[in-house]
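Just below is one structure, and these are the notes that go with it.
A note on names: the letters A, B, ... follow the listed sequences, proteins ahead of strands, and every chain is numbered from 1. Note that the structure is a prediction, hence the values are computed from the model and not measured.
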Amino acid sequence: MTRILITSALPYVAGVKHLGNLVGSMLPADIFARFCRARGHETLAICATDEHGAPVELAALDEGIPVADYSAKWFKVQKELGNQFGLSWDNFGRSSSPQNQELTLHFARALWKNGFLELRTTKQAYSPTDGRFLPDRYVIGTCPHCGYERARGDQCENCTRVLDPTDLIKPRSAVSGAQDIEIRDATHLFLKQSQFVDRLRAWIDSHKANWPQLVTSIAYKWLDEGLKDRGITRDLEWGIPVPDDIGEGKLKGKVFYVWFDAPIEYIASTKEWADKNGKGDAWKSWWYGDAAKDVTYWEFMGKDNVPFHTVGFPVTIMASGEPWKLVDRLKGFNWLNYDGGKFSTSGKRGIFMDKALEVAPADTWRYYLIANAPESADSNFTWEQFAGTINKDLADVLGNFVNRVTKFCVARFDGKVPGEGAYGDDENALIAELEKRTQQYTAFLEAAEFRKALGELRAIWVAGNEYMTRAAPWTHIKTDRAKAAVGVRMGLNLVRLFAPLSWPVMPQMAVKIHQAIAPVAYENGAIAWPRRPMAQELDSLKADAPINPPDVLFAKIDEERVAALKLQFGGGD
RNA sequence: GGCACCGUAGCUCAGUGGUAGAGCAGGGGAAUCAUAAUCCCUUGGUCGGCGGUUCAAAUCCGUCCGGUGCUACCA
């Protein structure tokens, strides 16, 4: 049996994620996971909230609640929203879990023992008023180059020049505005990434053919520029504390850098899954040694995450000297833009997961987003495009097909699958076409080529409408009842076929569609992928079985509604 | 500043050396089972500009213009 391990980039815990976050990692990971389950593969889909780092700590400070409570609150929100979007994780964990604490320390100790960590002292901005070290970008001041007064310590947003906090005129804390910025010595652990350049390059070379160009291009860029050693500790409260046995006891009060512990949470979340379900060491068989040899590991992420998954995390694993699994297939995505500009969490620009569900059901978002996924380049969301896609593809092509077939069956064949007549040339031509298209669709999904896959899925629905036009049972019913029966029977079989093919993308709608024709028989929680020859798939309904025409499956979004949505969500500026 | 990616029909995008493609939108027709849905036909592009390599360039090279991202202490 093939085993498929799937992780999607961990959403940062602060706040509700926008649709750009969703389409770049969690949604494609889920569609791929559902597809794998439907085909009968043993599949494990893992995600979690990424909870550490300065932004969470500061956001909690801002709200005046303990950071642990803040994180717990948003973890719950994100998990709930994920469920509402039909994200079928086997486990949605937390990078602050005890399991991750334990594994992060395990890796850190292995790296320390193997001599790949070293202590270095760096100069860092410190604010006595805030009582904390400030990351470069949390120091703001006047840009020495252009005079912009709100330049950040890492870069001036106005003139785009790269800066150092010490370059700023009148530096102050972005947290409190305090001007007592000092430069203090800070001792941190550095991971000797530079020693892994050759191994990383060889490893990436070996995956070149399988990874999107976007991914290898980003990975090579980091290697070509000369990989620098990276600090993996921070002066923060919230995080995984560095123990005394690492760093000669010189790192008291420091925590591991969020990007050190976050990818390890992929493994830890798998352990959380095993612990919750009483599966003991089963988690290890997905990740470690010979037991995991038959596992194909897929990662899904936006392009901003690629360096950490092609360089940072692999170095951690290589440096551990232990046989942990490295990623096999890495699917990276570009950005989804909102009406020509960026989605922005801080700027509250765009559409967020909670608001999206007030506009349209999860399945319609899933379809639209993945059909227009930013695979080869950034892609652009507009309300017109969204409404057009929902109205045409889902309401007219798919939804209306289900309605026209089932209602005609009720009107003329008593709502039962008609058994008269035999398939002829039209039916055989359709069977041949769908055999080919289903194979294509399957191949695109196997390769995680989502835009192409969805184009094929749509073409399959269209083929159904084309067939109905040729079969025209509404004409034949007047003169040749058996001939009309053949058209209706094939139409009903088509509806039944559309259910499993649509299920990975639109799980709720697929169930409704399936139930219109027959009760759903789940296999491991999935609607099984078609496995028989198409001639059998399309002749599988028993004569006289009753059907249940559904109500309107997909509501249309009219022009007035589009105008209202544009007003409500802004954009187009 | 450096580097990377992108610029193809009104819109969203395929297409990486061999006579420009899809979906939507627009136009014409057919059908009337259905959420006025569907089906057929069709208009439309000097493939960002310029220069080069080649028998042949959207595709390779150079350069310029425009957009986006990264630039390692945001994640």
> When we call it a touch if two heavy atoms are under 4.0 Å apart, what does A/Arg458 touch: a base, just sugar-phosphate, or nothing?
Replying inline: sugar-phosphate

> With a non-hydrogen cut-off below 4.0 angstrom, is A/Gly302 in contact with a base, only sugar-phosphate, or nothing?
Replying inline: nothing

> Does anything in residues 9-29 of chain A pair up under salt bridge (Lys or Arg N to Asp or Glu O under 4.0 Å), and if so which pairs, sequence neighbours excluded?
Replying inline: none

For nucleotides 2-4 of chain B, list the nitrogen or oxygen atoms of the protein found under 3.5 Å from its nitrogen or oxygen atoms, one pair per line.
| from | atom 1 | to | atom 2 | distance (Å) |
| --- | --- | --- | --- | --- |
| B/A4 | O2' | A/Ser217 | OG | 3.2 |

> Does A/Tyr441 have any ring-ring contact (aromatic ring centres under 6.0 Å, His included) partners at least two apart in sequence or in another chain, and if so, which?
Replying inline: A/Trp529

>> What is the distance, to the nearest angstrom, from the CZ atom on A/Arg152 to the C1' atom on B/C70?
In response: 13 Å

>> Within the 4.0 Å heavy-atom criterion, would you say A/Glu384 contacts the bases, only the backbone, or no part of the nucleic acid?
In response: nothing

> Paired with B/A4 by Watson-Crick or G-U wobble geometry, both distances under 3.5 Å: which nucleotide is it?
Replying inline: B/U68

>> How would you summarise protein contacts on nucleotides 33-42 of chain B per nucleotide, using B for base, S for sugar-phosphate only and - for none, with heavy-atom distances below 4.0 Å?
In response: BBB-SSSS--

> Rounding to the closest angstrom, what is the interatomic distance between B/C70 and B/C64 at atom P?
Replying inline: 24 Å

> For A/Arg230, which residues count as a salt bridge (charged side-chain N to carboxylate O under 4.0 Å, His left out) partner, sequence neighbours excluded?
Replying inline: none

> Which is true for A/Phe308 with a 4.0 Å heavy-atom rule: it touches a base, it touches only sugar-phosphate, or it touches nothing?
Replying inline: base

> Taking A/Asp185 as the fixed residue, which of A/Lys250, A/Lys123, A/Arg120 is the one that meets the salt bridge (charged side-chain N to carboxylate O under 4.0 Å, His left out) rule?
Replying inline: A/Lys123

Between the protein and nucleotides 8-12 of chain B, are there any N/O to N/O pairs under 3.5 Å, and if so, what are the atom names and distances?
| from | atom 1 | to | atom 2 | distance (Å) |
| --- | --- | --- | --- | --- |
| B/U12 | O4' | A/Gln385 | OE1 | 3.0 |

